[in-house]
Structures are given as structure tokens and as C-alpha cells.
J.: 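Below you will find the structure I want to go over with you.
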Amino acid sequence: MKPGMNPAVAPVAAPHATTANSVGRVMATVMTALLPATLCGFWLFGWPAIYLWIVTVGAAMLGEILCLRLGGRAARPALSDGSAILTGWLLALSLPPWAPWWIGVFGGLFATVMGKQVFGGLGQNLFNPAMAARVALLISFPVQMTAWVAPLPINAAAAPGIIEGLRITLGALSPALDNISSASLLGHVKTELSRGIDLLHLLTAGHAAADSLSGARAGSLGETAAWLIAAGGVLMLFLRIITWQIPIAMLAAVALPAALLHLVDPGRYLDAGSHLLSGGVMLGAFFIATDYVTSPNTPRGQLVFGAGCGLLTYVIRTWSGYPEGVAFAVLLMNSLTPIIDSSFRPRVYGRDRKGVALEPIK
Amino acid sequence: MGYFERIFKEPRWGVHPDDHKRPAADAALRLLPPPARVYMPLSQHVGGAARPIVLVGQQVHKGQLLAEAQGNISAPIHAPVSGKVSSIGEVTAPHASGLGFGAIVIDSDFADRWIDTDPVADPFSLSPEEITRRTAAAGVVGLGGATFPSALKFSLGKRLAVGTLIVNGGECEPYLSSDDRIMRDSADQVVDGVRIVMHAIGARVALVGIEDNKPEAIAAMRKAAAAYPEVRIRPVPSRYPMGSDKQLIQALTGKEVPADARAAEVGVLVHNVSTCAAVHQAVRLGRPLVERIVTVNGGAVARPGNIFVPLGTQVDELLAFCGLNEAPSRLILGGPMMGTLLAHGRVPLVKGVSGIIAFDAREAAVPRAGPCVRCGSCTKACPMGLLPLEMAAHIRSGDLAGAVDFSLTDCIACGCCAYVCPSHIPLVQYFSHAKGELAARERTRLRSEAAKRLAEARLIRLERESREKAEAAARRQAERKAAKALAAASASQAQAVVT
């Protein structure tokens, strides 16, 4: 008998067979889909990024264990489903790659303790834990959370080595950030626009899209390689881990207003391509907004949810004080999930959308 | 099926479990020798239990009427073997509860002597009513598992002028292949039965839906139906629960049966292929339903396959005939998706049993249930368009009305949701519990309403009685007064006369 199997608790009711799928397997598949973008992030941002990832995932697991212990529940089965690891992983990907260790620790603990376990554990939380933690970090530590570095491939001569990288993550070595610090595209655009410089002068042609292909640009640990993230997302679609509604609706809701306003005034509004490939939109559309627990699970509800995430992201990026808005947008839409779920139910067989029995047609 | 078909042509609902049908489905049909003793339950159908008409000690022939139908919805029971009625009493019902129910026990004389049957050379010369009568007398019920008396469905179809007969050869349950076997081996009988049923209900066409994982059955049925253009063989995608009436009707006709309505109201009637074969036996050969094909399958079975079995045979005897590799870790009556858990094999086979599954330890292992992660797998799988996770959440918190608001009553208990759940939550168990609880509440409500009505009627009666009593008393008093007055008056008159 496989571990975790217990015929004594077998239900009386049918079905007497069950899928080989499990929550752990789903989480493992999501992690596999995240791997290419993560490895790319490690390569681009070097050892500090690897250390930050380890610290963040570890802190998320620690938070989970602490809460389960406090609640008097066994930690092993809950940990083995991989959901805490995934939460920490997603949070790490959304952090500035050279952020100090305590950012990862605070964020990881916040994600599983305040974002998840406080609500009752797996399946009970209203908000996406990783995004809740990211927003908490952004509000609490705005300086560290916006300290971007230019990519410095791990094998580059100037890149920090194993020891040096560790010292950067531990905050012991304040890197000569001046010569490698950089602004993300969205941040740069926001700053310059506020200074009255328009985009036509600001951006040299092809700047954004070309860099986005390789991911070699300033940004969060795992967000720069937009195409690798999208590839992971397509893998999940293909394996039916997620459905197309949320990602497509979210990407469309970012792209459409962006394209429209860019057409109207290219000097003020960034083009759709830059919006889609910058910041957390790809990660958000495929990995964050599609979080099972905090998103609706009816097809029409998912369309509404995805569109809301995309539109809010665009609105926040364009007209708010923050250059990036994926985390805020997802959290705002998370709060609407219960309402969306009860408003957009699927049609029941033999009934119309309102739930009234159909008229018999011979 | 290619990837293109998988994405674009398959129904959006349902699940695709590993069907485990072969090698059992490919093994030749075997005959079970008549058992020494059979236990023929009086209730093998939806409706009232049959009423015994034989006496203990009486000799009976195979096919002889043992118990007659009783009430509007019921079916008679016939002797599956020839022999002597040894007792009439209670046996364990083939149900998870393990409760007892009435049965007639026959000790076989191993002669297998049939009664004198009344064959009909040309059933199509009979009136539809006569076919219905003969089907009813033969005790034919829905053999797909529903066990609704078939004759009653004929009458309903005739009354509502059903134009299309749907013949259910879907057999979507994994492990089972009894319908597959009957279509492969006796396609002519099945098609003849289909045509007899069409005659009985006045249907113009019959659509025989067979899942495309049964190519041999499809070929055999096509050959048998070649001469009858009104009988159309229609392969359907293998997707559980294709064999559910509502889903098969939708797949074959595009029609949806409205909620709370019967299929006949949209002009279709569904009968199982094995039922059609039984109708053929009943009408053309005059043989009542006393035997059927039962699939014996599962990892614990040494020689899985389909067995032709007299009804009333004990499950254990059938398992012994097929041999066991190990003691079954889980014994199921019917398929693994909707079948009934059996506590032991000392229960009789009844008309609606299409299979016995004996799981080995590996198949029977049930993963521990975890928390719902709201992945929506159940929503995608539900063939009725329900939200199983929401219903279960409401039931868990005791809010049955909330579950009903999420259309709990439309649930067909097919088990797709519980099958696909990655957290292995026994969703059907939640729904069965809630439905049972709601039914119990409804009964209590009806009872208390009836009690209230009675109490009110009593109050009114008591009031009326006391009022009548008072009125009677007043009347008597008035009469007495009047009589007194009269007496006084006559006395004074007499006095006056005297004076």
C-alpha cells in the first residue's frame, strides 16, 4: 500500500476509483513550468538571486510549519503537497534579485502565515499569499523593493561569485550599486514622464521588446524572461493544469487599452508590447492570477476575473503613483472572487441560465 | 482518437477513466452451472415488492411465477431454476447497509426444466398493448441498473407518442462489459428486441448509442441491423457518463431533457440493450426474465469475464466460479463509478446487477482526503453543469438550503467530481448525505403537517360537537318549556272549561 493510503477511511459512496492526480502533483507541475524562467533569472542575476530564492522559499516553509505546529496539526502531509514551496517560489520571482535576506524572510513568513494559515490553511485564503506578501513588502520597504540591478550573467567577470553573492544577500557587502543599478522599464517611464519628458525622446527604438526576448534587462528575479514564463504557461495549458480564460483575458485587457491609448498619444502611453513583456504581467497572467484558491472556477467568471486583473494593472501602471500594478490588481480582483463565483455560474443541464427548467421541445 | 478529436469533438463534460474492460470483455461468455440454492428477492425493481404466490415445499419449474406484481409500479418474480421452494423469508440485500429483505429460496433439482412457454412467431402482429402486457408478465425491468419496470415505460411512451427510441449500449462504467458481450454474441436478439419495443411504443426510429471503445459490438450490431433502416447504430465518444440517459439523449439527438421532466416529454425513450434482449426473450420466446449476463472483473478475480447466471445466485458462488487470486479488498456491485459497496458476498444477484467487481489491495487503496484547493476540476467534469465544490462547501457547513440553491437536486450522482478531485474529497458521499437528509426532513415536514391537519380537524370536530351538544340541550330545554307552557295552558283552559 502506498503511503498516505488508508482503506479504513474509505467512503461508502461511489465512486470506488479515483484519479492518480493529486494536489502535490499539480503543484509539482506548476513548479516544473516555472523552472525555465527561474533558471534564466538565476543566470541573469547570479548568486545573490539564488540565495534570495532559497531564503524566501525556506521562510515560506518555516511559516507553514510554525502555524501547523501552533494549530496542533501534523506538518508533514501539509508540507508535502508543495503549496508552501510554490508560494515562496512565486514571491521570490517577484522580488528585486539582489534584495537583502530579510526581505525574503519577511516576505516568505508573511506569505504563509498572514496570507494563508491565518485564513485556515490551504484552500481557505481569500488573497493570493505571494502577492499579499509582495504588497506588504512594497509598502513597508519601498527602497529595497525598487532597487533594481542590471543583469550581470553569472559567468560574467564582474558578476559576484559564490561568497561575494552571499555577502550581498546578507547585506554585509553593499554592492557598488551605483555602477550596476538600473531602473526597470516601467519605473523609468514613470519617472521620466513625471519630469515632462515624453516617450518619443525617452525610448530608443526597439529597446523594450528586444531586451524582453532574452530577459536581459532590469526587473524582478523571475519576471524579465517574459517568453520563458509564457512558455511555462502554455505548458500548463497543454497539461490542463490551468484553463485559457484567465491568462488570455488578462493579457487582452492589458494589451487592448495599451494599444488604443498608444495609438492616440504615443508620447504619453507606452505600446502594448512593452506592457505585455514588462513587469509582472506574464507571471501574473499565467501563474499568479490563475491560483486556484483565489480565482473563480467557472469559465465566464474566469474571463471576468482575468479581464479585471488586466484592466486594473493597466490603470494602476498608467495613472497611479506606482509604476507596476499586477500585485495590486490581482489582490483587488481576489476580493471579488466570491461575488464573481456566485454571479457567473454555469448553466445547469435542463435549465436556463437563471436556473428555470427548460420548456420540453419535442 | 487523435489529438484534434480529443480537443474539439469530445464532450466538454465527464471523465475518461482507464476502462479496464479488457481482457474480461474479450473472454467468451461462460455459463454458470445451476447453483444448489438460489435466493430470489421479492424486490428487484423500482416500486412495490412482489407478493409471493407459491408455498414452501412446492415444486416449481424454471420460469414459473413465484410472486406477482403488487401495486401500480411493480414487477413479478419468476423461478430461475427448477426445484423446490425451501423457504420464504429474509436475506441480506445487495446494498451497503446490509439490511435484510424478503426473498423466496429455491433448492435446485439441477434438471433446469422450463415451464411450457408461449412463443409468438410474429410479435409485430400483436397489438402494442399485448406486447406491453407480455413484457410486464415476464418481469422485465431496466437492466442497465435503473430497474424500472419496462412495461410501464412502454405505456408512457405510447401515451406521449414518443417518436425516437434511444437504445443505450453506452456501458460507460469501467470494468463492465455485459452489454458489450450481449451485443457481440446476440446482436440479432438485441435488434429484434429493439424492433419489438419500437412497435410497442410506436417509435419511428431507434438510435443505438454504443461507445466507440467497443468496435466489435458496433460491427456486430451494424450487421444485425443492416436489414432494418429504422434501427440506426450510432457510435458515441467513450466518455463517462455517456451511458447516463440525459447525456446519451443529448449526444444522439442534441435534445436536453428539462429539469424535473421525463425524457418522454421531449419525444424520446431510453432502453438498455440488455433490456431489449430481455424483451425479445419475453415476447418472442415467452421466457420470463430469470437469467442475465454478469461481468465478473477486478484485480482479485483469477479468470475475469462475463458469465450467464441464474438470478438469485449468491455473489460468493459466482466469485468462486471465476476464482480469486486473493481475498477481495473491496467488493462492488455494479461499476466502480456508481456501484454499491458490499460488506460480503453472501447476497443474491438481482435483475439490475450488470457486474461484480472484486478489487485487489492495490485497486482498493483510497488516498486520504485533503482540503479543497478550488481547482475547479469537478466543475469541468460535471456533466450536469453543477459546481460540486460549492455544494460540498455548503453541505459541510450544514447549509443544505445553500446546496439546493446550487442545484443539488439536479445531481445525478455519476461520481465524475469525486473521481477527478486531486484532493480525493468524497463529494458524492456529501451529496448522498445531503439528499438523504433533505428527504428525511421532507418526510418529517409532511408528517408534522399531517399531524397538524389532524389536530386542527379534531379541534373543529370537538367544537362542533360541543356546539351541537349545547344546541341540543337548548332545544330540549325549549321543548320542555314549551311543553310545560302547553301543559299549563291546557290546564288553565280545562279549569276555565270547568269554571
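These figures come from a predicted structure and were not determined experimentally. Throughout, protein chains are lettered first and strands after them, A, B, ... in sequence-line order, and every chain is numbered starting at 1.
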J.: Among B:C411, B:S407, B:C382, which one satisfies side-chain contact (heavy atoms from CB on, under 4.5 Å) with A:V348?
T.: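 Option passing the side-chain contact (heavy atoms from CB on, under 4.5 Å) with A:V348: B:S407.
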
J.: Which bit of B:T253 comes within less than 4.5 Å of chain A, counting heavy atoms only: side chain, backbone, both or neither?
T.: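 Neither the backbone nor the side chain of B:T253 comes within 4.5 Å of chain A.
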
J.: Using 0.5 Å steps for rounding, measure from the CD atom of B:E390 to the CZ atom of A:R345.
T.: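 If we round to the nearest 0.5 Å, B:E390:CD and A:R345:CZ are 8.0 Å apart.
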
J.: Do A:D291 and B:R374 sit within salt-bridge range, that is, some charged N less than 4.0 Å from a carboxylate O?
T.: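 Salt bridge between A:D291 and B:R374, a charged N being under 4.0 Å from a carboxylate O: no.
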
J.: Please flag which part of B:C421 lies under 4.5 Å from any non-hydrogen atom of chain A: side chain, backbone, both or neither.
T.: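 Backbone of B:C421 only, per the 4.5 Å heavy-atom cut-off to chain A.
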
J.: Please report the closest heavy-atom contact between A:V12 and B:A96, naming both atoms and the distance.
T.: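 The answer is CG1-CB, 3.7 Å.
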
J.: Examine whether an atom of B:L341 lies under 4.5 Å from a heavy atom of chain A, and if so say whether it belongs to the side chain, the backbone or both; otherwise answer neither.
T.: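 For B:L341, the contact with chain A is made by backbone and side chain together.
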
J.: Can you tell which of B:Q247, B:E363, B:Q250 has the highest number of heavy-atom pairs within less than 4.5 Å of chain A?
T.: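 Option with the greatest count: B:Q250.
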
J.: Search all heavy atoms of A:R240 against all heavy atoms of B:K380 and return the closest pair with its distance.
T.: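 Nearest heavy atoms, A:R240 then B:K380: O-NZ, 4.1 Å.
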
J.: Short question: side chain of B:Y419, backbone of A:T19 - any donor-acceptor pair under 3.5 Å?
T.: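 No; zero donor-acceptor contacts below 3.5 Å.
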
J.: Of the backbone (N, CA, C, O) and the side chain (C-beta and beyond), which part of B:D18 lies under 4.5 Å from a heavy atom of chain A, both, or neither?
T.: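 For B:D18, no heavy atom lies under 4.5 Å from chain A.
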
J.: Could you tell me which portion of A:Q124 (side chain, backbone, both or neither) has an atom closer than 4.5 angstrom to a non-hydrogen atom of chain B?
T.: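 No part of it gets close to chain B.
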
J.: Would you say that B:V366 contacts A:T18 through its side chain, given a criterion of any heavy-atom pair below 4.5 Å between the two side chains?
T.: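 No, too far: nothing below the 4.5 Å cut-off.
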
J.: Is chain B contacted by the side chain of A:T290, its backbone, both, or neither, given a heavy-atom distance below 4.5 Å?
T.: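 Nothing of A:T290, per the 4.5 Å heavy-atom cut-off to chain B.
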
J.: Between B:Y430, B:F406, B:F431, which has the largest tally of heavy atom pairs under 4.5 Å with chain A?
T.: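 Answer, by heavy-atom pair count under 4.5 Å with chain A: B:F406.
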
J.: Where does B:K246 contact chain A at under 4.5 Å (heavy atoms): side chain, backbone, both or neither?
T.: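 Both parts, backbone and side chain.
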
J.: Of all the heavy-atom pairs spanning B:P336 and A:A14, show the shortest one and how long it is.
T.: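 So the two residues come closest at O-CB, 4.4 Å.
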
J.: Might you point out which heavy atoms bring B:S423 and A:V23 nearest each other, and give the distance in Å?
T.: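 The pair with the smallest heavy-atom distance is OG-CG2, 3.1 Å.
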
J.: Distance-only, no hydrogens or angles: does the A:Y349 side chain make a donor-acceptor pair with backbone N or O of B:V257 under 3.5 Å?
T.: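 Checked: pair present.
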
J.: Return the CD1 to SG distance between A:I241 and B:C375, rounded to the nearest 0.5 Å.
T.: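 Result: 9.5 Å between the selected atoms.
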
J.: Please identify, among A:A13, A:G355, A:G120, the residue contributing the most non-hydrogen atom pairs under 4.5 Å to chain B.
T.: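 Among the listed options, the one with the most contacts to chain B is A:A13.
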
J.: In Å and rounded to the nearest 0.5 Å, what is the OH to OG distance from A:Y292 to B:S377?
T.: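 Reported to 0.5 Å precision, the distance equals 6.0 Å.
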
J.: Let's test your reading of the structure: which of A:P296, A:G121, A:S22 forms the most heavy-atom pairs below 4.5 Å with chain B?
T.: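 When all of A:P296, A:G121, A:S22 are compared, A:S22 has the most.
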
J.: Check whether B:A418 gets within reach of chain A through its side chain, its backbone, both or neither, counting any heavy atom under 4.5 Å.
T.: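 Interface part for B:A418: both.
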
J.: Do B:P258 and A:E359 have side-chain heavy atoms sitting under 4.5 Å apart?
T.: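 They are not in contact (no side-chain heavy atoms under 4.5 Å apart), so the answer is no.
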
J.: Given side chain to side chain contact (heavy atoms under 4.5 Å, CB included), test B:L389 with A:N297 step by step and report yes or no.
T.: CA-CA 10 Å; B:L389 78 169; A:N297 53 53; 3.0 Å; yes

J.: With a 4.0 Å cut-off, would you call A:R347 and B:E256 a salt bridge?
T.: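 Salt bridge between A:R347 and B:E256, a charged N being under 4.0 Å from a carboxylate O: yes.
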
J.: Does CZ in A:R300 sit with more than 12 non-hydrogen atoms of other residues, nucleotides or ligands closer than 6.0 Å?
T.: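 More than 12 heavy atoms, drawn from other residues, nucleotides or ligands, come within 6.0 Å of this atom.
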
J.: Check each atom of B:F359 against the heavy atoms of chain A and say whether the ones under 4.5 Å are side chain, backbone, both or neither.
T.: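 For B:F359, the contact with chain A is made by the side chain alone.
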
J.: Checking A:P77 against chain B: side chain, backbone, both or neither under 4.5 Å from a heavy atom?
T.: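 For A:P77, there is no contact with chain B at all, as no heavy atom is under 4.5 Å.
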
J.: For B:G415 and A:P15, work out which heavy atoms get closest and say how close.
T.: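 Heavy atoms only, the tightest pair is O-CG, 3.5 Å.
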
J.: Considering only heavy atoms from C-beta outward, does the side chain of A:T298 approach that of B:L387 to under 4.5 Å?
T.: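 Side chain of A:T298 against side chain of B:L387, heavy atoms only: contact under 4.5 Å found.
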
J.: Most heavy-atom pairs under 4.5 angstrom with chain A, which of B:C372, B:A261, B:S329?
T.: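 The option with the most such pairs is B:C372.
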
J.: A:R351 vs B:D260, test: side chain to side chain contact (heavy atoms under 4.5 Å, CB included). Steps then yes/no.
T.: CA-CA 10 Å; A:R351 296 184 183 276; B:D260 315 320; 3.9 Å; yes

J.: Considering residues, nucleotides and ligands other than A:R69, do more than 12 of their heavy atoms fall under 6.0 Å from its CZ?
T.: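 12 or below, so no.
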
